[in-house]
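Remember, it's 1-based here, ligands and their atoms both numbered in the order they're listed. Since we're looking at a predicted model, the values are computed, not measured.
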Amino acid sequence: MRTAAAGGGRRRYKSLTTLRRVRPRCLLLLFLIAICVPVIFFNYTTISYLLRPIWDSPPKPFQIIPHYYAENVSMEHLCQLHGWSLRKKPPRRVFDAVIFSNEIDLLEIRVQELMPYVTKFLVLESNTTFTGKRKALILKNNIQRFSFIRDKLTHLFFAGQTLQRWEDPFVNEDLQRTAMDQGLLAAGIADGDLVIMADADEIPSAHTIRLLQSCDGFPPIMHLQLRNYLYSYEFYVDFNSWRSTVHIFKQNVTLYRHDRVTDNMLADAGWHCSFCFRYISDFMFKMQAYSHADRVRHSSYLNPVRIQEIICQGRDLFNMLPEAFSFKDLIAKMGSVPRSFSGVHLPMYLLKNPQKFSFLLPGNCIRETPV
Ligand SMILES: *[C@@H]1O[C@H](CO)[C@@H](O)[C@H](O)[C@H]1NC(C)=O
Ligand SMILES: *[C@@H]1O[C@H](CO)[C@@H](O)[C@H](O)[C@H]1NC(C)=O
Ligand SMILES: *[C@@H]1O[C@H](CO)[C@@H](O)[C@H](O)[C@H]1NC(C)=O
């Protein structure tokens, strides 16, 4: 019965005029295009992230060097555990070369963590963002917070360029790296010293730097694998922060970099806390200053109430999908970052001053109001 009815329908359909047959299809097609083009246009990034497992492949894996540490294990024994040897000469001098934007609290935690081992902190600050927007000199204006380390800290001012719309922000990034190379030479760095190259929010752990200044025999350039956190040390994301590096300095060879330079990576060497700010206004600044400022697709993204909610939920500020190279991984990473209740193995100065930095500790997602 059903077959016969369907057959009848088909016959009737065939008898329609060509015009009437084509027009609804055309209209449907036009309708679909009219819907799809804006959808694709406005969600281009979302769609490309969703399909990343198809069009992109993961970067070449790192050669991960196991890293060991426990309290009260002798330095000689620690060096040997890594397959290295204890230095006969005095400990290496260490230069911490940091590109600073507005992470003033994390910079203080960093300096306190590394102070006993670092010869000189070089902190480069620009009067523009990478994207060329004017920026206040936040470190310069807060330099009294660092008076405890006045002799060791050099504030390098970088005169940023305002960019035309078509100019690439990486121009500024490049020039800043060159300025840092000159800053290192001016600070008296010499062959054999250790240089840390990192953003202010990428903090190596003190024991790692002590190890590297006390042992011989490790690769002259290593990436540092850092634990990734978002908004505070409450939201532990993953283990995959890799951009920071340590170098045994060699004149005319060592250049400031913040991208992939070698396959070697020392495991579990510290903490990378992204968007770990005290005030909502700092989030708003960073969202617009970021190399990926185009991710602010709606002005509502900058609404302080929305930002506060997202911080407490561990969600993404830009409503972006996670960067994943397989669909399994993509699904696993989607949604909120789960809350962590661990404050074990965090930067020393943070745990010594829980009131001062409460917004960085588990259970304190509400941000402060500037006084
Ligand atoms: C580490 O060694 C010191 C001195 O030898 C000792 O006082 C301290 O209790 C030890 N700490 C641990 C955690 O074993
Ligand atoms: C940054 O500082 C330099 C040197 O003082 C100045 O020439 C330039 O105009 C400043 N840029 C902005 C955006 O204020
Ligand atoms: C580094 O390069 C400069 C200029 O090219 C040169 O004068 C200097 O001797 C070089 N230093 C070393 C250690 O090769």
Side-chain angles (χ1 to χ4, degrees), residues 87 89-104 107 119-146 150 153-197 199-200 212-213 216-222 245-258 261-262 277 279 281-296 299 302 370:
R87 253 172 94 81
K89 290 180 258 178
R92 268 193 189 84
R93 298 196 304 164
V94 179
F95 289 74
D96 188 27
V98 180
I99 294 196
F100 175 85
S101 167
N102 63 334
E103 310 87 354
I104 193 83
L107 184 68
T119 304
K120 202 129 225 179
F121 291 94
L122 293 159
V123 187
L124 185 133
E125 179 173 36
S126 171
N127 62 349
T128 68
T129 65
F130 283 150
T131 48
K133 286 203 178 70
R134 175 191 287 277
K135 172 189 159 299
L137 294 175
I138 294 166
L139 175 56
K140 190 164 181 233
N141 297 340
N142 287 279
I143 202 76
Q144 79 292 344
R145 257 176 91 169
F146 295 84
R150 195 178 298 124
L153 188 138
T154 306
H155 177 258
L156 296 173
F157 168 72
F158 177 79
Q161 296 189 354
T162 17
L163 296 181
Q164 300 303 319
R165 278 190 67 170
W166 57 86
E167 283 179 300
D168 192 337
F170 294 99
V171 173
N172 268 329
E173 231 174 310
D174 244 21
L175 291 169
Q176 290 197 15
R177 285 198 290 259
T178 310
M180 192 64 105
D181 288 329
Q182 289 162 357
L184 282 165
L185 290 174
I189 196 164
D191 285 7
D193 292 339
L194 189 79
V195 193
I196 306 168
M197 302 183 186
D199 283 353
L212 296 178
Q213 75 171 174
D216 271 330
F218 53 86
I221 306 177
M222 291 186 288
T245 46
V246 283
H247 302 240
I248 303 288
F249 186 80
K250 200 164 177 333
Q251 208 187 348
N252 292 356
V253 173
T254 306
L255 290 175
Y256 199 89
R257 297 281 292 270
H258 196 238
V261 283
T262 170
F277 298 119
Y279 304 122
S281 53
D282 295 328
F283 286 81
M284 292 158 73
F285 170 78
K286 172 81 182 200
M287 285 171 77
Q288 297 170 84
Y290 209 33
S291 308
H292 303 289
D294 55 330
R295 290 182 182 180
V296 183
S299 54
L302 299 174

Start with the C-alpha distance between Phe158 and Asn172, add both sets of side-chain angles, then the distance that settles side chain to side chain contact (heavy atoms under 4.5 Å, CB included), and finish with yes or no.
CA-CA 10 Å; Phe158 177 79; Asn172 268 329; 4.2 Å; yes

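Proximity of atom 7 (O) of ligand 3 to the protein is not indicated, since no non-hydrogen protein atom lies closer than 4.0 angstrom. Within the 4.0 Å cut-off (strictly below), a protein heavy atom is located near atom 14 (O) of ligand 3. Distance check for atom 11 (N) of ligand 2: a protein heavy atom is found below 4.0 Å. Using a 4.0 Å threshold on non-hydrogen atoms, atom 4 (C) of ligand 3 does not count as touching the protein.
Atoms of ligand 2 lying under 4.0 Å from at least one heavy atom of Thr128, given by number and element, are 13 (C). Which parts of ligand 3 touch Asn252 is read off a 4.0 Å heavy-atom cut-off, strictly below it: atoms 1 (C), 2 (O), 3 (C), 8 (C), 10 (C), 11 (N), 12 (C), 14 (O).
Two residues are said to be in side-chain contact when any heavy atoms from C-beta on lie closer than 4.5 Å; Phe146 and Val123 fail this criterion.
Checking side-chain atoms of Arg177 against main-chain N and O of Leu255 turns up no donor-acceptor pair under 3.5 Å. A distance-only check finds no donor-acceptor pair linking the side chain of Gln176 to the backbone of Leu124 [under 3.5 Å]. Within the 3.5 Å criterion, the main-chain N or O of Leu184 finds no donor-acceptor partner in the side chain of Tyr256.
Between Ala187 and Lys120, the shortest heavy-atom contact is CB-CD, 4.1 Å.
Between Asp216 and Arg87 there is a salt bridge, since at least one side-chain N of the basic residue sits less than 4.0 Å from a carboxylate O of the acidic one.
At least one N or O atom of Asn127 sits closer than 3.5 Å to an N or O atom of ligand 2. Between Arg134 and ligand 2, a contact under 3.5 Å exists for at least one N or O pair.
Contact annotation for Phe157 and ligand 2: only side-chain heavy atoms (C-beta onward) come within less than 4.0 Å of the ligand.
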